[in-house]
Amino acid sequence: MPSLKVTDEVIAVFNDMKVRKAQANEEEKKRRKKAILFCLSKDLKNIVLDDGKEILLGDVGTTVPDPYESLVKMLPPDDCRYALYDATYETKETKKEDLVFIFWAPDSAPLKSKMIYASSKDAIKRKFEGIKHEWQVNGLEDLKDRHTLAEKLGGSSVVSLEGSPI
């Protein structure tokens, strides 16, 4: 199976999410992506942005009360996706933000889709340099519980995720 090409838009979004501009003004901050989904193009040759499937920082607290819950709702119940999620969490010592790469491969997804997404995961991960957290999720049960993500981010030292206590 030939490896897929990761489009420039996908790489640009990643770089944008990775760099936290300290001097960003309010407008720029509002446009920052909190979460975004990526999918395969129709011809199965590229990894592209999943149209409209994003959460902006400016939406959090207004149209999006809980960004983690909204991300979970954006995932298609019976197909695979890749996602980047900018998690904000607190440990006993400090407040942190980390990008999490999520590979969503629900059990109900078609086998072919699961195979292509699984075999292309490295292609996208190679472009996403410096990601500390990767999470493969095979069903909503894994996602429903924030504890699982908290564990990924820092084990038992994590006390809150997106402002909600764990």
Salt bridge [X]-[Y], side-chain N to carboxylate O under 4.0 Å:
X: Glu134; Y: Lys121; answer: yes
X: Lys96; Y: Glu90; answer: no
X: Glu162; Y: Lys34; answer: yes

### Message
Check for me whether the distance between the ring centres of Phe14 and Phe38 falls short of 6.0 Å.
### Response
no
Determine whether a donor-acceptor pair (N or O, by modelled atom type, separation under 3.5 Å) exists between the side chain of [X] and the backbone of [Y].
X: Thr91; Y: Thr94; result: yes
X: Ser70; Y: Ile55; result: no
X: Thr62; Y: Gly58; result: yes
X: Lys114; Y: Asp107; result: yes
X: Asp16; Y: Ala12; result: no
X: Lys92; Y: Ser156; result: yes
X: Ser119; Y: Met115; result: yes
X: Asp145; Y: Thr148; result: no
X: Glu97; Y: Asp86; result: no
X: Glu69; Y: Asp66; result: no

Taking all non-hydrogen atoms of both residues, which atom of [X] and which atom of [Y] are closest, and how far apart?
X: Ala105; Y: Cys80; value: CA-SG, 3.9 Å
X: Asp79; Y: Arg81; value: OD2-NH1, 3.7 Å
X: Ser41; Y: Lys45; value: OG-N, 3.3 Å
X: Ile124; Y: Tyr82; value: CD1-CD1, 3.9 Å
X: Leu37; Y: Ala83; value: CD2-CB, 3.5 Å

### Task
Could you please spell out the steps behind the side chain to side chain contact (heavy atoms under 4.5 Å, CB included) verdict for Lys29 and Leu56?
CA-CA 9 Å; Lys29 278 195 182 124; Leu56 301 181; over 6 Å; no
Under a 4.5 Å side-chain heavy-atom rule over Ile, Leu, Val, Met, Phe, Trp and Tyr, are [X] and [Y] clustered together?
X: Tyr85; Y: Val158; result: yes
X: Val137; Y: Leu40; result: no
X: Ile116; Y: Leu49; result: yes
X: Phe101; Y: Met74; result: no
X: Val72; Y: Leu161; result: yes

To the closest 0.5 Å, what do you measure between [atom1] ([X]) and [atom2] ([Y])?
X: Leu153; Y: Leu149; atom1: CG; atom2: CG; value: 4.5 Å
X: Arg31; Y: Asn25; atom1: CZ; atom2: CG; value: 7.5 Å
X: Asp59; Y: Lys33; atom1: CG; atom2: NZ; value: 10.0 Å

Out of the candidates [options], only one should pair with [X] under the side chain to side chain contact (heavy atoms under 4.5 Å, CB included) rule; please name it.
X: Leu84; options: Leu71, Val10, Ile131, Ile102; answer: Ile131
X: Leu4; options: Ile47, Val48, Asn46; answer: Ile47
X: Trp104; options: Asn138, Asp142, Leu143; answer: Leu143

Compare all side-chain heavy atoms of [X] with those of [Y] and state whether any distance is below 4.5 angstrom.
X: Val13; Y: Glu54; answer: no
X: Val159; Y: Ile166; answer: no
X: Lys18; Y: Leu99; answer: yes
X: Val100; Y: Lys152; answer: no

### Full working for salt bridge (Lys or Arg N to Asp or Glu O under 4.0 Å) between Glu26 and Lys30
CA-CA 6 Å; Glu26 278 311 300; Lys30 281 185 178 151; 5.5 Å; no
### More than 12 heavy atoms from other groups under 6.0 Å of CG on Asp51
no
### Task
Indicate the ring-plane relationship of Phe103 and Tyr117, choosing parallel, tilted or perpendicular according to the 30° and 60° boundaries.
parallel
### Query
Do the rings of Trp135 and Tyr68 sit parallel, tilted or perpendicular, given the 30° and 60° boundaries?
parallel
### Query
Can Asp98 and Tyr89 be said to form a side chain to side chain contact (heavy atoms under 4.5 Å, CB included), step by step?
CA-CA 8 Å; Asp98 269 333; Tyr89 61 103; 2.6 Å; yes
